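No experiment lies behind these values; they were computed from the predicted model shown.
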Amino acid sequence: MTPTPDTPQPTGLAAVDALLQPFNRSDAPGLVVGIARAGRILYRRGVGLASIEQGVTMSPRTRVRIASTSKQFTCLAVLLLAEDGLLDIDDLVYRHLPELTVLHPAGPTLRQLMQHLGGWRTDLPSVAQGLALLPTADWSQPITDPNRELNFEPGTRMMYSNTGYQLLARVVERLSGRSFEDFLRERIFAPLRMHDTESLTSDLEIRPGMAMQYQAQPASVGGGLRRGIYPSELRGSGSLVSTVDDMLRWLAHLRSPSKLVGSAASWASMIERPTLSTGVRLPYALGLIRHDYRGVEVIQHSGAVLGATTQMITVPAHGLDIVILVNGAPVSPVALAFQIIDALLGDALGEPSVHVPAEPHAALVGRRYHSPETGAVFGFEDAGGKLALSWLGGRGMPLRQIDGAAVAPCEDSALSPLGLSLEELASETAPQVLTLDDGGRLLRCTLLPEQAPSVASLAASLAGRYRVPDLGIEVPVELEGDGANTRIVVQLHGPHGRSAYRLEPLSSDVMLAIPTDGLFSGMGGASIVNIDREGDRVVGLRLDAPRLSRLRFIREEASA
């Protein structure tokens, strides 16, 4: 029956059942949901398949990779070493990993790496190697990290860095004298009776009771599903597998005033929100995100790898804990968790956010703006009647109205806050300039042309060879086709794989980098290439992606 406005809508656990029903299938991947209140289990249910090939269903006992939800355990491991007197979390990372090149005298510190404020570039090998499987690192050997520059000065910005967390895991191994996996098991999982939780270095490892990971493929490559296998190192950044029962046990411990693992001081540090050099407070603490949702504080962290997504969230004031583990079902566990909170807490919550409507700002929808300072490009879209800001290749973030500003992201993001003046947005035409408040930095962003220049008009000036110091490779920028069919193609080759991208102009100085295989880009999906010039001559390119800033491509002089 199709609901009408007068049809009573389900509430409480009946509403949770209704939310899961679209994924209750016998021919597709699924998810598991666990809910507890004041430590008492209210709901444990799996729907869909853990293995399509074998017809095995998802259940509360199914183990699923929890991806970046793992990061809080890495942080607690570092804090336990601090309790042991082996480090201070404000130590420079170079003190404990002296083989690293010192990129800045004041950072990053271990704390800054945990808060994603260190500026460390992430997953650089995948920029050149895409989905190529990399050999498992031998952590008994010194690090050969390719970073030669930071994304930014430590403490001035936030940019998510998996590699920063992998450095933290190395510190745990170096100072404890035990493997990262053994340290977590002995110091955290065993005392908390999390017996189905462990760190697996690679998606190629096999364990009993684990769900397969499935990834939907775009229509451009035939659609359907393929096996989700993350190609790069996961230790420290996303290596844990767990169950809803274990994660609910973890959340109950997180909320409890008495701790079996970690001191009161360590747990206070875990949820202490940092402050940028601009004075802006961020929601991302040490592997945990704290923020307001409809008048109540929540603590959460989501995760995503190829074929698996996760959300772990607690509402401490109501003792409500929710864990959602997904192995490929087409659902956002973050959005689903907030829907469950709405259903279970109901009148105890405040009013929902007031969003900026899209219709009065129709002139902005589909237009793009560029920040010359950071190289980033953002645009506007209509997200179900709400005006949303989106970085190219990313999910649109609906803008909220707060004190005369349009603010993104909404409550489900770990990003630093972004703000735009509602007065500036009120123009009947797309303004030529918008001021973006990016974590307290005011960025003057210019409107990109509605009609981009042709590929042919830029092709000849860009063709040539470029040196990429942070990748240790040379890269050809080549022309394919001719006339109106000319394409600009960048070929990157690493030791274990390759990536190729097509450059599509957005303006005479800004281009979009599109992966030519239609699948995964180590550059972070759609990426931005900014052109550096000396007079009329192109001397270099700078790559900007969601987790990578200003990677330099230096043009080589043509031989005589």
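A distance-only check finds no donor-acceptor pair linking the side chain of Arg235 to the backbone of Gln166 [under 3.5 Å]. Between the side chain of Lys259 and the backbone N or O of Leu254 there is at least one donor-acceptor pair closer than 3.5 Å. With hydrogens and angles ignored, the 3.5 Å screen pairs no side-chain donor or acceptor of Asn151 with any backbone N or O of Leu548. When atom types are taken as modelled, the side chain of Gln213 and the backbone of Gly228 share a donor-acceptor pair closer than 3.5 angstrom. Under a 3.5 Å cut-off, the side chain of Gln311 and the backbone N or O of Ser302 do form a donor-acceptor pair. For Thr101 (side chain) and Leu103 (main-chain N/O), no donor-acceptor pair under 3.5 Å exists by modelled atom type. Within the 3.5 Å criterion, the main-chain N or O of Ser263 finds a donor-acceptor partner in the side chain of Glu83. For Glu173 (side chain) and Phe180 (main-chain N/O), a donor-acceptor pair under 3.5 Å exists by modelled atom type. Although no hydrogens or angles enter the test, the distance criterion places a donor-acceptor pair under 3.5 Å between the side chain of Glu424 and the main chain of Thr435. Ser161 contributes a side-chain N or O that, together with a main-chain N or O of Trp120, makes up a donor-acceptor pair within less than 3.5 Å.
Side-chain contact check for Glu181 and Thr201: at least one donor-acceptor pair (N or O, by modelled atom type) lies under 3.5 Å. Under the 3.5 Å distance criterion, with hydrogens and angles disregarded, no donor-acceptor pair is assigned to the side chains of Ser527 and Tyr501.
In this structure, the side chains of Val490 and Val529 stay at 4.5 Å or more apart for every pair of heavy atoms. No side-chain heavy atom of Thr69 sits under 4.5 Å from any side-chain heavy atom of Val323. With contacts defined as side-chain heavy-atom distances shorter than 4.5 Å, the pair Leu286/Ser269 qualifies. Residues Val334 and Ile324 have side chains not in contact (no heavy-atom distance under 4.5 Å, counting atoms from C-beta outward). The closest side-chain heavy-atom distance from Arg121 to Met159 is not below 4.5 Å. Counting heavy atoms from C-beta on, the side chains of Leu436 and Ser371 never come closer than 4.5 Å. Annotation: side chain of Leu100 is in contact with side chain of Leu167 (closest heavy-atom distance under 4.5 Å). Contact of the Leu80 side chain with the Val261 side chain is registered, since non-hydrogen atoms from C-beta on lie closer than 4.5 Å.
Using a 4.0 Å cut-off between a side-chain N of Lys or Arg and a carboxylate O of Asp or Glu, Arg552 and Asp532 do not qualify as a salt bridge. A salt bridge between Arg444 and Glu373 is absent, with no side-chain N of the basic residue lying under 4.0 Å from a carboxylate O of the acidic one. Checked for salt-bridge contact, Arg170 and Glu99 miss the test: no charged N lies under 4.0 Å from a carboxylate O.
Note that CZ of Phe378 and CG of Asp438 are 10.0 Å apart. Values are rounded to the nearest 0.5 Å. The OG atom of Ser239 sits 12.5 Å away from atom OH of Tyr165, with the distance rounded to the nearest 0.5 Å. Taking CG of Leu184 as the reference point, atom OG of Ser179 lies at 8.5 Å (rounded to 0.5 Å). Atom CZ of Arg65 is separated from atom CG of Leu200 by 5.5 Å, given to the nearest 0.5 angstrom. The distance from the CG atom of Asn530 to the CZ atom of Phe553 is 12.0 Å, given to the nearest 0.5 Å. With rounding to the nearest 0.5 Å, the separation of CG in Leu192 from CH2 in Trp250 is 6.5 Å.
Counting non-hydrogen atoms of other residues, nucleotides and ligands closer than 6.0 Å to CD of Glu351 gives a total of 12 or fewer. The environment of CZ in Arg533 is crowded: more than 12 heavy-atom neighbours from other residues, nucleotides or ligands sit within 6.0 Å.
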- request: Test Leu175 against Asp84 for side chain to side chain contact (heavy atoms under 4.5 Å, CB included), laying out the working first.
  value: CA-CA 10 Å; Leu175 297 189; Asp84 295 342; over 6 Å; no
- request: For the pair Arg290 and Glu297, evaluate side chain to side chain contact (heavy atoms under 4.5 Å, CB included) and give the outcome as yes or no after the intermediate values.
  value: CA-CA 7 Å; Arg290 286 178 62 200; Glu297 183 182 70; 2.7 Å; yes
message: Could you go through Arg550 and Asp544, starting from their C-alpha distance and side-chain angles, then the distance that decides it, and tell me whether this counts as side chain to side chain contact (heavy atoms under 4.5 Å, CB included)?
response: CA-CA 5 Å; Arg550 307 178 90 76; Asp544 290 273; 3.6 Å; yes
- request: Kindly determine whether Ile313 and Ile341 satisfy side chain to side chain contact (heavy atoms under 4.5 Å, CB included), including the steps that lead there.
  value: CA-CA 10 Å; Ile313 188 165; Ile341 291 173; 3.9 Å; yes
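With sequence neighbours excluded, the residues that form a ring pair (Phe, Tyr, Trp, His ring centres under 6.0 Å) with His253 are Trp267.
Here the closest non-hydrogen pair linking Ser202 and Leu234 is CA-CD1, 4.4 Å. Closest non-hydrogen pair, Val244 versus Gly34, comes out as CG1-N, 3.9 Å. Summarising the geometry of Phe152 relative to Arg157, their closest heavy-atom pair is CE1-O, 3.1 Å, with the distance given to 0.1 Å. A pairwise comparison of heavy atoms in Thr74 and Gly236 identifies OG1-O, 2.8 Å as the closest pair. The minimum heavy-atom distance between Cys445 and Tyr369, with the atom names listed, is O-CD2, 3.8 Å. Nearest heavy atom pair, residue Cys75 against residue Gly287, reads SG-N, 3.6 Å.
Screening Asp88, Leu76, Leu87 against Leu81 for a side chain to side chain contact (heavy atoms under 4.5 Å, CB included) leaves a single residue, Leu87.
Applying the salt bridge (Lys or Arg N to Asp or Glu O under 4.0 Å) test to pairs two or more places apart or on separate chains, those with a residue in residues 319-331 are Arg255-Asp321.
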What pairs of donor and acceptor atoms, side-chain ones from residues 270-279 against any protein atom, are under 3.5 angstrom apart with sequence neighbours left out?
from   : atom 1 : to     : atom 2 : distance (Å)
Arg273 : NE     : Leu282 : O      : 2.9
Thr278 : OG1    : Gly439 : O      : 2.7

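For an aromatic pair to be called close, the ring centres must be under 6.0 Å apart, and Tyr284 with His116 satisfies this.
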